[in-house]
Amino acid sequence: MGKFIQGVHHIAVKPTAEQYKKTVEFYTQILDMEVKQTWGDPERPCMMVSCGDNTCIEILSSDSEIPAGGPLAHIAFATDKVDEIIGKVREAGYQVTNEPMDASIGDQPIHIAFFYGPTQEHIELFWEK
């Protein structure tokens, strides 16, 4: 059996709508990270910026205040075994919050699922098809 997790795909931050522009400027101008992809609309823009390797920071515009857990929305692991891992997670008794589904980010087809880890960290399984 091969590896389930192939690395961190992205870490998602979710600033408030008022903080979105400042957050984008921080990552793209101050840290000089390259914009890989943008999507959404003017009211709810989103983007992925490269961390310089195969990982990204996903910046998601929020329409609400930052939650009690802070602005870290989730960590996403790269894998092509989304469904298999969700089966193991469910069998181990962890809460699946979003069942495996096909979606897209811009033109990129993806297959994703979300669940809570042992300390209630929100984890996404992310497969770029």
### Query
More than 12 non-hydrogen atoms from neighbouring residues, nucleotides or ligands closer than 6.0 Å to NZ on Lys129, yes or no?
yes
### Message
If you define the side chain from C-beta out and look only at heavy atoms, does anything of Ile11 sit under 4.5 Å from Thr55?
### Response
no
### Task
Report yes or no: does Thr79 contribute a side-chain atom to a donor-acceptor pair with the main-chain N or O of Phe4 at less than 3.5 Å?
yes
### Query
Taking only residues two or more places apart in sequence, or in another chain, which ones meet His10 in a ring-ring contact (aromatic ring centres under 6.0 Å, His included)?
His74, Phe126
### Query
Do Gln95 and Phe115 come close enough that some side-chain heavy atom pair is under 4.5 Å?
no
### Query
To the nearest 0.5 Å, how far apart are CH2 in Trp39 and CZ in Arg44?
12.0 Å
### Message
Please say yes or no: joined through hydrophobic side-chain contacts below 4.5 Å, possibly via intermediate residues, are Met48 and Phe114 part of one cluster?
### Response
yes
### Closest non-hydrogen atom pair between Gly106 and Ser104, with its separation
O-OG, 3.6 Å
### side chain to side chain contact (heavy atoms under 4.5 Å, CB included) partner of Met47, the single match among Ile59, Thr23, Ile57
Ile59
## Note on the structure
When rounded to the nearest 0.5 Å, the distance separating NE2 of His122 from OH of Tyr116 is 4.5 Å
### Task
Taking the side chain as every heavy atom from C-beta outward, state whether Ile5 and Ile85 have any pair of such atoms under 4.5 Å apart.
yes
### Task
Considering non-hydrogen atoms only, spot the tightest contact between Cys56 and Lys36 and give its length.
SG-CG, 4.3 Å
#### Entry: His111 (side chain) donor-acceptor with Met101 (main chain) under 3.5 angstrom
yes
### Message
Could you check whether atom CG of Asp107 has more than 12 heavy atoms from other residues, nucleotides or ligands sitting under 6.0 Å from it?
### Response
no
### Query
Under 3.5 Å, is there a donor-acceptor pair between the side chain of Gln108 and the main chain of Ile105?
no
### Query
Looking only at heavy atoms, what is the nearest atom pair of Pro15 and Leu60, with distance?
CD-O, 3.3 Å
### Task
Take Asn98 and Ile112 through the test side-chain contact (heavy atoms from CB on, under 4.5 Å) and record every step on the way to the result.
CA-CA 8 Å; Asn98 297 78; Ile112 59 174; over 6 Å; no
### Message
Check for me, please, whether Val96 and Ile110 land in the same ILVMFWY cluster - side-chain distances under 4.5 Å, paths through other members count.
### Response
no
### Message
Please find the pair of heavy atoms, one from Ser61 and one from Ala17, that lie closest to each other, and give the distance.
### Response
OG-CA, 3.9 Å
### Message
What's the separation between atom OH in Tyr27 and atom OG in Ser50, rounded to the nearest 0.5 Å?
### Response
13.0 Å
### Query
Is Asn54 atom CG crowded by more than 12 heavy atoms from other residues, nucleotides or ligands, each under 6.0 Å away?
no
### Query
What's the verdict on side-chain contact (heavy atoms from CB on, under 4.5 Å) for Ile75 and Ile123, showing C-alpha distance, side-chain angles and the deciding distance?
CA-CA 5 Å; Ile75 184 168; Ile123 298 171; 4.3 Å; yes
### Task
Kindly state whether the ring of His9 and the ring of Phe77 have centres lying under 6.0 angstrom apart.
no
